[in-house]
Protein chains: 2
Amino acid sequence: MSSPSLRLSPTECTCFRLRGAARRVTVIYGKHLAPTGLKISQFSLLGFIVAEGPVSIGRLAELVATDRTTLTRNLRPLLHDGLVEPAISGDRRRRDFVATAAGRALFKRALPLWAEAEQEVRTAMGAKLTTDLHGALDRSMEKLAEL
Amino acid sequence: MSSPSLRLSPTECTCFRLRGAARRVTVIYGKHLAPTGLKISQFSLLGFIVAEGPVSIGRLAELVATDRTTLTRNLRPLLHDGLVEPAISGDRRRRDFVATAAGRALFKRALPLWAEAEQEVRTAMGAKLTTDLHGALDRSMEKLAEL
DNA sequence: AGCCAGAATGTGTATATGCACGTAATGCTG
DNA sequence: CAGCATTACGTGCATATACACATTCTGGCT
């Protein structure tokens, strides 16, 4: 356990691997979702808003594990397209958002396309690898959350 | 094997998981590399250029599994900071790049900081999870490469 | 030589991402 | 109730990311 870092080469960068894989799958989901005009990140975000009723930026930031300020901007396209709208909240510091009827409808329409993409990826990887990857990612997120 | 997609909920999105994990670790590496002024993506890119001698955009795109056009712009900061410079290539369609002395020096200086970050992540995850995650990611990239 | 299919790249556009810094509202505390 | 630490945000800045479309070369074919 002394200094295992002596053997570490940038070739074995965890970050590089994760980012690479994320890019690859992002493209795949993007192709499937294209007809809806939604990017995968928008699809996810919209999904959380649909599911969570009125939510604040801060809460969304926790849910999607993204920087707060990033979400401020990621919400813009959704607002612009009328998929999401502001909701009154008790605390005037907070900005709550809800999905509009159009937003809920589009999400519903996008769902099967997302499932297609998910299926494509899972089929390519196989059931075992899918399980392994999800498991490893979930456990990683837990461990890294504490940092 | 008929339609396993019936049970798929967006909660189990492979893409969402991968992107989330990638974001998390990116921040960690970023903090460690901050003193060098390099982002993790720049560190990786610079590393490949240092290692591969004169390389073209297209070749780099393969190496880092990134869209060609993204690399065109990702190279800009490195060029601007004099870490990388154009190299003459036989084919005038191609633009080759090499690391400058400053680039090589900075990369060398960044290496231990990268190792720190990598260590932090690995320590948080533990050896087994690290191995599992890398294995799953590597196998995934292989399978997804064929798409 | 002349032409053209294909290769290697750049640009416009739009989104995603996080940090440093700044602002407004809340609630506690003296 | 005035003051202040805290909370919940937004903005400027820089980079990352990819697609559609346009451009420039190269190499082979006639």
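What you see below is based on every heavy atom in this structure, not just the backbone, and it leaves out hydrogens, waters and symmetry mates. Sequence lines set the chain letters: A, B, ... in the order given, protein chains first and strands last, and positions in each chain run from 1.
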Distance, rounded to the nearest Å, where [X] contributes [atom1] and [N] contributes [atom2]:
{"X": "A:F97", "N": "D:dA8", "atom1": "CZ", "atom2": "P", "result": "15 Å"}
{"X": "A:L60", "N": "C:dT17", "atom1": "CG", "atom2": "P", "result": "13 Å"}
{"X": "B:L33", "N": "D:dA16", "atom1": "CG", "atom2": "P", "result": "12 Å"}
{"X": "A:L75", "N": "D:dA8", "atom1": "CG", "atom2": "C1'", "result": "14 Å"}
{"X": "B:R73", "N": "C:dT9", "atom1": "CZ", "atom2": "P", "result": "15 Å"}
{"X": "B:D96", "N": "C:dT9", "atom1": "CG", "atom2": "C1'", "result": "12 Å"}
{"X": "A:L78", "N": "C:dA16", "atom1": "CG", "atom2": "C1'", "result": "12 Å"}

Could you pull out all donor-acceptor pairs under 3.5 Å where a side-chain atom in residues 70-78 of chain A meets a protein atom, sequence neighbours excluded?
none

[X] side chain near [N] phosphate (N/O to OP1/OP2, under 4.0 Å):
{"X": "B:R19", "N": "C:dT17", "answer": "yes"}
{"X": "A:N74", "N": "C:dT17", "answer": "yes"}
{"X": "B:T70", "N": "D:dA16", "answer": "no"}
{"X": "B:R68", "N": "D:dC19", "answer": "no"}

Can you tell me how far apart [atom1] ([X]) and [atom2] ([Y]) are? Round to the nearest 0.5 Å.
{"X": "B:R94", "Y": "B:S89", "atom1": "CZ", "atom2": "OG", "result": "4.5 Å"}
{"X": "B:L83", "Y": "B:R104", "atom1": "CG", "atom2": "CZ", "result": "11.5 Å"}
{"X": "A:L129", "Y": "B:K143", "atom1": "CG", "atom2": "NZ", "result": "7.5 Å"}

For nucleotides 25-27 of chain C, list the nitrogen or oxygen atoms of the protein found under 3.5 Å from its nitrogen or oxygen atoms, one pair per line.
{"residue": "C:dT26", "atom": "OP1", "partner": "A:R92", "partner atom": "N", "Å": "3.4"}
{"residue": "C:dT26", "atom": "O4'", "partner": "A:R93", "partner atom": "NE", "Å": "3.4"}
{"residue": "C:dT26", "atom": "O4'", "partner": "A:R93", "partner atom": "NH1", "Å": "3.3"}
{"residue": "C:dT26", "atom": "O4'", "partner": "A:R93", "partner atom": "NH2", "Å": "3.3"}

Contacting residues from residues 37-57 of chain B, given that a heavy atom lies under 4.0 angstrom of DNA chain C: B:S56, B:I57
Neighbours of DNA chain C within residues 23-31 of chain B, by heavy-atom distance under 4.0 Å: B:R23, B:V27, B:K31
B:F16: ring-ring contact (aromatic ring centres under 6.0 Å, His included) partners, not counting sequence neighbours: A:F48
Residue B:D67, side-chain atoms from C-beta onward, closest of D:dC9, C:dT11, D:dC19: D:dC19
A:P77, nearest nucleotide to its side chain (from C:dA16, D:dT17, C:dG18): C:dA16
May I ask you to check whether [X] and [Y] show a side-chain donor-acceptor distance below 3.5 Å?
{"X": "A:D67", "Y": "A:T69", "answer": "yes"}
{"X": "B:H32", "Y": "B:E120", "answer": "yes"}
{"X": "B:T36", "Y": "B:R109", "answer": "no"}

Non-neighbouring partners of A:E142 that pass salt bridge (charged side-chain N to carboxylate O under 4.0 Å, His left out), sequence neighbours left out: none
Step-by-step side chain to side chain contact (heavy atoms under 4.5 Å, CB included) determination, A:D96 to A:V55: CA-CA 5 Å; A:D96 283 359; A:V55 266; 6.0 Å; no
Any N/O donor-acceptor pair, A:T69 side-chain to D:dC9 base, under 3.5 Å: no
Worked verdict on A:Y29 versus A:E118 for side-chain hydrogen bond (donor to acceptor under 3.5 Å, both in side chains): CA-CA 7 Å; A:Y29 286 73; A:E118 183 68 30; 2.4 Å; yes
Intermediate values then yes/no, side chain to side chain contact (heavy atoms under 4.5 Å, CB included), B:T130 and B:H134: CA-CA 6 Å; B:T130 299; B:H134 280 228; 4.0 Å; yes
